[in-house]
Amino acid sequence: MTDTLHSADTATPRNDENWWRDAVVYQIYPRSFADSDGDGLGDIPGITSRVPYLRTLGVDAVWLSPFYPSALADGGYDVDDYRAVDPRLGTLDDFDAMIVALDEAGIRCIVDIVPNHTSNRHVWFQEALASPRGSAARDRYIFRDGLGDRQELAPADWTSAFGGPSWAPVGDGQWYLHYFATEQPDLNWKNREVRDDFLHTLRFWSDRGVAGFRIDVAHGLAKELPLVLPSQAELDALPIDGTHPIWDRDDVHEIYAEWRTVFNSYTPARTAVAEAWVKADRRARYASADGLGQAFNFDLLEADFDADQFRRIIDFNLAQSDLSGSSSTWVFSNHDVVRHATRYGLPALHGRDVKQGAEWLLSGGRSPIVDVTLGLRRARAATLLEFALPGSAYLYQGEELGLPEVAAIPDAERQDPAFFRNHGTDIGRDGCRVPIPWTNNGVSFGFGSALPHLPQPTSFGQLSVEAAENDPSSTLHLYRDALSIRGRLQVRGKLQGGGLEWMETGDAAVLAFRRPNGWITVTNFGDTPYELPAGEVLLSSSPLSNRVLPGAATAWLQE
Ligand code: GLC
C-alpha cells in the first residue's frame with residue numbers, strides 16, 4: 001500500500017483529515033448491488049468483485065446501507081446485531097477483504113449506523129420481552145403501560161412513519177414505541193448501556209478500517225416523553241425548536257459529542273454524516289465539528305428542476321456550511337426516494353409538499369405520464385451541476401446508468417413496510433431498490449445467477465453497465481468523464497474548496513457560476529438554447545452545436 005489514495009492526479013493522502021469535505025460518495029444498497037453466490041441477494045463479495053468498476057467510475061468513498069443480520073422488515077434498517085454481517089451477505093472476513101480491495105483502489109468505506117431502533121429480534125429486545133415491567137431490560141427501550149381498565153389500549157394514538165400505529169402491545173399490559181415498523185422498537189437513549197454499546201459499535205467498525213458513518217434518523221434519538229403523553233394532533237402542533245418530545249431535540253447533540261471523542265481517537269479522525277430531516281436552519285447543529293461533522297441536505301432532492309430554486313438552495317447551503325465549518329452535501333437520489341431520472345420527467349411540483357413521484361407510483365406508473373427522455377436529460381444536467389459545486393456529492397447506485405424508478409412491481413413481490421402498512425395508499429420505496437443490471441442479458445442481467453430478490457423490468461438489459469460501456473454517449477461515460485475532470489479541478493484544501501461566484505446570464509432560466517480556478521458551469525433549466533460564454537468546453541451533458549447549450553443541459557468550461 002502507498003500512502004495516497006486514488007490515481008496520481010487526484011491523490012488524497014491516507015491520513016488526510018479533510019478528505020470528506022469534497023468527496024464523491026457512492027451509496028451501495030448491498031442486497032441489490034451484486035450477488036456473488038446465486039441466492040438472489042446482493043452480498044459483500046459481490047461488492048468486492050465490483051471494486052474495479054467503482055475505481056473506474058472515480059468515486060472517493062462508498063457508503064454501505066445496512067449489511068447486518070436482519071429479518072428485512074425494513075430493508076435491513078431493522079438490525080439484529082450491529083457488529084456482524086448478515087450470513088446471507090457474507091462474513092466479517094469478507095468484510096475485511098472488501099475493505100482491503102477498496103483501499104487498494106483508493107476508495108474509503110462509510111457504513112450505516114441505525115441507532116434510533118434495533119430490530120425486534122435483537123438480543124436486547126428479546127430480553128425485554130422476557131423481563132417484567134420496570135426491569136433493566138425494558139429500560140433499554142421505551143415501554144409504557146397501556147390505557148383502559150386492562151391496559152388494552154395504546155398509551156397514545158401516535159402514527160408511525162410508515163403508517164399505522166406506533167405503539168405495540170407485548171401482552172402484559174405494556175406497550176413499546178416503534179416510530180417505524182412494529183419490528184423496529186425505539187431505543188431509550190437515556191440508558192447508559194445503550195450509549196456505551198453504540199460507542200463500542202463505532203470502535204468496532206473503525207478498528208476494521210471504516211472511514212466514517214452515515215447516521216440513520218439522527219434527529220430522533222433523544223426523546224423526552226412526558227408522563228401523560230400528548231395526542232398525535234398535540235404532538236404535531238408543538239414547535240420543532242429543540243424542545244419537541246421526539247424530533248430534533250437540542251440534547252441529541254450530547255450523544256454526538258460523545259461519539260466525536262471516539263471519532264477523534266482515530267487517525268485520520270472518523271467522519272459521520274447525519275440523516276436528519278430537520279428544518280434547514282437547524283441542520284448546521286448536526287454538522288458541527290464537535291458532533292457528527294456533516295449533515296445531508298436534501299433540499300435539491302426535494303426541489304423542481306428550476307433555476308431559481310436551485311440558486312436559492314445552493315446559496316443557502318453554502319452559507320450554512322460556512323456557519324458550521326463543515327462542507328455542503330448534495331444529493332439527488334437515495335434508497336428512500338423516487339430516482340431523479342424519473343422525478344424530473346414528471347410535472348413540476350411547484351412547492352407542493354409531496355413525496356416526489358408518489359402519485360405516479362400509486363398509479364402503477366400510468367399517471368401522470370413520465371417524459372423519460374426529458375427526465376434523463378435533466379438528471380444528467382443536474383448531476384453535472386452538482387459535481388461542480390463546492391462540497392461533497394452523494395450518489396446512489398444506478399444513477400450513473402440513468403436508471404429510472406421501477407413502478408411495475410407486483411404487489412406480491414413488494415418488500416417495503418410502507419407498502420404493507422398503508423393499504424395501497426403508499427406504494428413504498430422498492431422501485432429504487434431493484435437490483436443493478438450489469439449485462440445486457442441473463443437471468444438477472446448479470447446481478448447474479450439466480451432470479452433477483454426484487455424483479456427487474458426487461459428494459460433493464462438496455463440500461464446495463466455492459467450496454468453503457470459500449471455507448472460513448474451513455475450516462476455512465478458522462479459520470480466517469482465528469483468525475484475525472486472534477487478530480488483534477490476540484491479546488492482542494494480550503495473549506496468549501498474555495499466557494500463559487502455567480503455569473504450574470506441575462507436569462508432567468510440559465511444559471512452560471514465560476515470556481516476560483518476559472519472552472520465555469522452553465523446550466524440551462526429552460527428550453528431556449530443559450531449561447532455559452534468564452535472558455536474551452538470541457539464537457540456537456542447533452543451535445544452542443546456551435547457553443548450553443550440546448551435546454552435541460554449543463555456545460556463545463558475552463559476560462
Ligand atoms: C431512514 C432510512 C430508511 C429507513 C428509516 C428507518 O430514513 O434511510 O430507509 O426505513 O430510516 O430506519
Side-chain angles (χ1 to χ4, degrees), residues 25 27-33 42 63-82 86 110-122 125 141-142 158-164 166 168 176-187 189 198 201 213-221 223 246-248 252 272-278 283 286 292 294-298 301-302 329 331-339 355-356 358 361 394-398 405 414-422 426-434 454:
V25 183
Q27 180 190 358
I28 292 180
Y29 190 75
R31 291 174 175 88
S32 296
F33 190 62
W63 145 31
L64 265 49
S65 276
F67 49 84
Y68 315 110
S70 168
L72 304 183
D74 178 21
Y77 284 87
D78 46 321
V79 178
D80 296 349
D81 180 351
Y82 292 88
D86 182 339
I110 292 174
V111 300
D112 219 309
I113 295 290
V114 189
N116 181 65
H117 41 263
T118 67
S119 83
N120 59 346
R121 306 200 311 178
H122 191 282
F125 195 69
Y141 293 90
I142 303 181
W158 299 357
T159 331
S160 111
F162 295 146
S166 64
Y176 68 88
L177 178 68
H178 58 89
Y179 198 77
F180 293 89
T182 317
E183 296 86 351
Q184 292 167 297
D186 281 49
L187 283 165
W189 274 87
F198 273 88
T201 295
F213 302 92
R214 177 261 185 191
I215 311 304
D216 191 62
V217 198
H219 56 310
L221 274 50
K223 296 186 179 74
I246 301 180
W247 297 119
D248 191 20
V252 78
V273 55
E275 186 219 19
W277 293 85
V278 296
R283 200 181 292 136
Y286 292 83
L292 295 177
Q294 202 183 35
F296 281 125
N297 132 41
F298 297 118
L301 179 156
E302 293 186 307
T329 55
V331 189
F332 287 114
S333 281
N334 63 33
H335 66 298
D336 289 332
V337 297
V338 170
R339 284 183 176 278
K355 270 193 163 172
Q356 309 241 342
L361 274 176
Y394 283 80
L395 313 183
Y396 178 52
Q397 66 179 39
E405 185 81 3
R414 290 204 173 266
Q415 299 176 6
D416 189 348
F419 169 71
F420 297 108
R421 294 176 64 91
N422 282 293
D426 180 352
I427 215 79
R429 302 158 293 178
D430 295 317
C432 62
R433 300 175 179 184
V434 173
L454 273 171

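One is the number of the first residue; the rest follow in order along the sequence. We count ligands from 1, going down the list as the structure has it; atoms in each ligand are counted the same way.
In terms of the side chain to side chain contact (heavy atoms under 4.5 Å, CB included) criterion, residue partners of F162 (sequence neighbours excluded) are, by chain and number, D74, S160, F180, A181, Q184, P417, A418, R421, R429.
Below 30°, between 30° and 60°, or above 60°: for F198 and W189 the angle between ring planes is between 30° and 60°, a tilted geometry. Using a 30° and 60° split on the angle between ring planes, F296 and W63 fall in the tilted class, from 30° to 60°.
With respect to the salt-bridge test (charged N to carboxylate O, under 4.0 angstrom), the residues D416 and R414 do not qualify.
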**Y68/D112 under side-chain hydrogen bond (donor to acceptor under 3.5 Å, both in side chains): CA gap, chis, key distance, verdict** = CA-CA 10 Å; Y68 315 110; D112 219 309; over 6 Å; no
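Pairing each heavy atom of L454 with each of R433, the nearest pair is CD1-O, 3.5 Å.
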Return a table of N or O atom pairs, ligand 1 on one side and protein on the other, at distances under 3.5 Å, rounded to 0.1 Å.
| from | atom 1 | to | atom 2 | distance (Å) |
| --- | --- | --- | --- | --- |
| ligand 1 | 7 (O) | E275 | OE1 | 3.3 |
| ligand 1 | 7 (O) | E275 | OE2 | 2.7 |
| ligand 1 | 8 (O) | R214 | NH2 | 3.0 |
| ligand 1 | 8 (O) | H335 | NE2 | 2.9 |
| ligand 1 | 8 (O) | D336 | OD2 | 2.5 |
| ligand 1 | 9 (O) | H335 | NE2 | 2.9 |
| ligand 1 | 9 (O) | D336 | OD1 | 2.7 |
| ligand 1 | 9 (O) | R429 | NH1 | 3.3 |
| ligand 1 | 10 (O) | D74 | OD1 | 3.2 |
| ligand 1 | 10 (O) | D74 | OD2 | 2.6 |
| ligand 1 | 10 (O) | R429 | NH1 | 3.0 |
| ligand 1 | 11 (O) | D216 | OD1 | 2.9 |
| ligand 1 | 11 (O) | D216 | OD2 | 3.1 |
| ligand 1 | 12 (O) | H117 | NE2 | 2.9 |
| ligand 1 | 12 (O) | D216 | OD2 | 2.8 |

